[in-house]
Amino acid sequence: MRWSQFFIPTLREVPADAEVVSHRLLLRAGMVRQLSAGIYSYLPLAQRVIRKIQRILREEMESIGGQEFFLPALNPREIWEETGRWAVMGDNMFRLKDRKGADLCLGMTHEEVFTGIARHELRSYKQLPQVWYQIQTKFRDEARPKSGVLRVRQFIMKDAYSFDVDAAGLDKSFNDQRAAYQRIFDRCGLKYAIVEASSGAMGGSASNEFMVKTDAGEDSIATCESCGYAANLEKATSRLAAISDDTMPGTNAPEEFPTPGVRTIEDLTTFPGGAAANRQIKTLVFIATNEAGENQPVLALLRGDHQLHETKLADAVGAIAVRAAHPEEIRELLGANAGSLGGVRAKEIAQASGRELRIVADQALRNRRGMTTGANRDEHHLRGVDVERDIMVDSWADLRTVASGENCPNCEAGTLAVFKALEVGHIFKLGTKYSASMGARVLNQDGKEVPLVMGSFGIGVERIMAAAIELHHDADGIIWPRAIAPFDVVVTVTNTKQPEMVATGEKLYHNLRRAGLETLLDDRDERAGVKFKDADLIGIPYRITVGKKITDNAVELFDRAKKESIDVNLDDIIARVQSLALAGR
RNA sequence: CGGGGCGUAGCACAGCCUGGUAGUGCGCUCGGUUUGGGACCGAGAGGUCGAGUGUUCAAAUCACUCCGCCCCGACCA
């Protein structure tokens, strides 16, 4: 490619509303332009990177027997009704009507369509396993698109689905994918952690996320240096030092006492006759929505100094979603305002107003006694509460958010560190959720009809591109990992008014291409400084500078990552670059 | 969906409070000088001031409505 003819609209100035590094650099490097909130156009330079990523995805999918499909992005309502997700997906799904008034949607993921094919065509365990994948545009009507291409409403995803006859088969398919994912992200130059994650609305038994540590990410993960434990904060646990209640006086029943002006855990720690935060029970009211769309109030109890994790609560009560109850709902349910709520007699109070209240308590409250909590009467609290004696707990669960510095749940020595991270891939053991609801069954070896056991495996293509930038950049611009760089090498002719330099540049350009290298020739009539700045910005791994040294039969080879330049004889330069570039592929 | 902010030339912004000629820098075009880390001089082109309604002799400027975009939160396989 000749730069003079290639469309790379670089920007000197930083566009005002680009916050994260990858967004700024994608714009400045002339790779993307925004069309609308969360909708981006990919310009030629970005498209070259995307194609490189897709090629790696295809190679690794094929290597584990994956077969590429191309399914419709436009889906009829009916197939989503079958799995119940027409309702579950809610406002996140783009919906439209055709001229006849029939409902359609734009696919957010493709379990339904793939399973729809499988149920018609797969009849016997002998046809299994099948590993099907595609690289497709997905649509999600995000409430808040943000961070450039990291959180968008239209994006490219590699999604794969496995079909097995039993759980053992799924385990193998899952492990194959996991290994392939590791190779994919390694090849793309990403450092990542594989973490345990919640399966959420996808359903299924197990899931791993592939997380790139970066502040641009929206997830938080906890990791342990000493044993390698890693989990999404929505799953992470930690070991806590036990708190002894032996010094607390025994009681026969909780004792109510007035607490005027006390609204928070913090208030009560300083209130005369109050209690330390870890001797209080935090009481939160949530509304849980199940798959059928029914709402139920849930009381979540935690130690006063602990933070609730909402996803954990949702998982604990089997809900699709939970939300904090509104102040009016809380009053109606318990007859008191937030700040004076407690688990003691809460079920009876709710029942009196005809509500069924579910109480979930965090494991850290097990066996605790001498605790203080709200009395369900404004400005009154209870002390001497014995959790298991006084509160009708329906279920115990891990509800709390772990914090940096807590002890690793997996090893003796380690402590946890919490990081922001970007999800670039997610693999699920779906099980039979979709095959059962859609009637995708095969005959097993015993001649018995069983639902297909499925896995689902996704990778965000643009997120790989953006994550690579987040991880590999400096003040001058992008530093592409070699395997996904838009070009292997750029040849910079410093002065296009010098015929010898131009001729040398042209010759190098042709020879590099003949050697199989993707080469960009900067033949623009610009000053050398402009060309250097642009080359640094777009991040091509190697730059060959054709300048005055050609009189000594030499050019400069500049390594973008190391920022080092060496003189190389013209006779050696092709072989030199070739070995460098090929090593990176 | 709640809170906040911003829409003026391709980009970044000033002008708005206090109504009266639409401006600056970068980029772009032409000419000249320059030519190894985003050159300099000169001459130009480029704007329904987000849209609509209203107030006024007069609206980029004041008021109202709508739209769009960004940030925080909620939400998010």
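Predicted model only: the values in this text are computed from it and were never measured. In what follows, chains carry the letters A, B, and so on, assigned in the order in which the sequence lines appear, proteins first and then strands, with residues in each chain numbered from 1.
The base of G38(B) sits with one of its N or O atoms less than 3.5 Å from a complementary donor or acceptor on the side chain of Arg28(A). Interface remark: the Glu526(A) side chain does not form any donor-acceptor pair with the G38(B) base, using a distance-only criterion of under 3.5 Å. At a cut-off of 3.5 angstrom, counting only N and O atoms as typed in the model, there is no donor on one side facing an acceptor on the other between the side-chain of Asp476(A) and the base of G37(B). Counting distance only, with no hydrogens placed and no angle test, the side-chain atoms of Arg151(A) and the base atoms of C75(B) include a donor-acceptor pair under 3.5 Å.
For the pair Ile50(A) and Gln47(A), the minimum side-chain heavy-atom distance is below 4.5 Å.
Checked against the 6.0 Å centroid criterion, the rings of Tyr181(A) and Tyr192(A) do not qualify as a close aromatic pair.
The phosphate of C26(B) has neither OP1 nor OP2 within less than 4.0 Å of any side-chain N or O from Arg12(A). Regarding contacts with the backbone of C69(B), a side-chain N or O of Ser36(A) is found under 4.0 angstrom from either OP1 or OP2. In this model, the phosphate group of C72(B) is approached by a side-chain N or O of Arg144(A) to a distance below 4.0 Å at OP1 or OP2.
Contacts of Met157(A) with the nucleic acid, taken as non-hydrogen atoms under 4.0 Å apart, include base atoms.
Distances from the side chain of Glu13(A) to the nucleotides G25(B), G38(B), G36(B) place G25(B) closest.
The two atoms that bring Lys497(A) and Asn495(A) nearest to each other are N-OD1, 2.8 Å, heavy atoms only.
When each of Glu209(A) and Arg153(A) is assigned the nucleotide of RNA chain B bearing its nearest heavy atom, the one mapping closer to the 5' terminus is Arg153(A).
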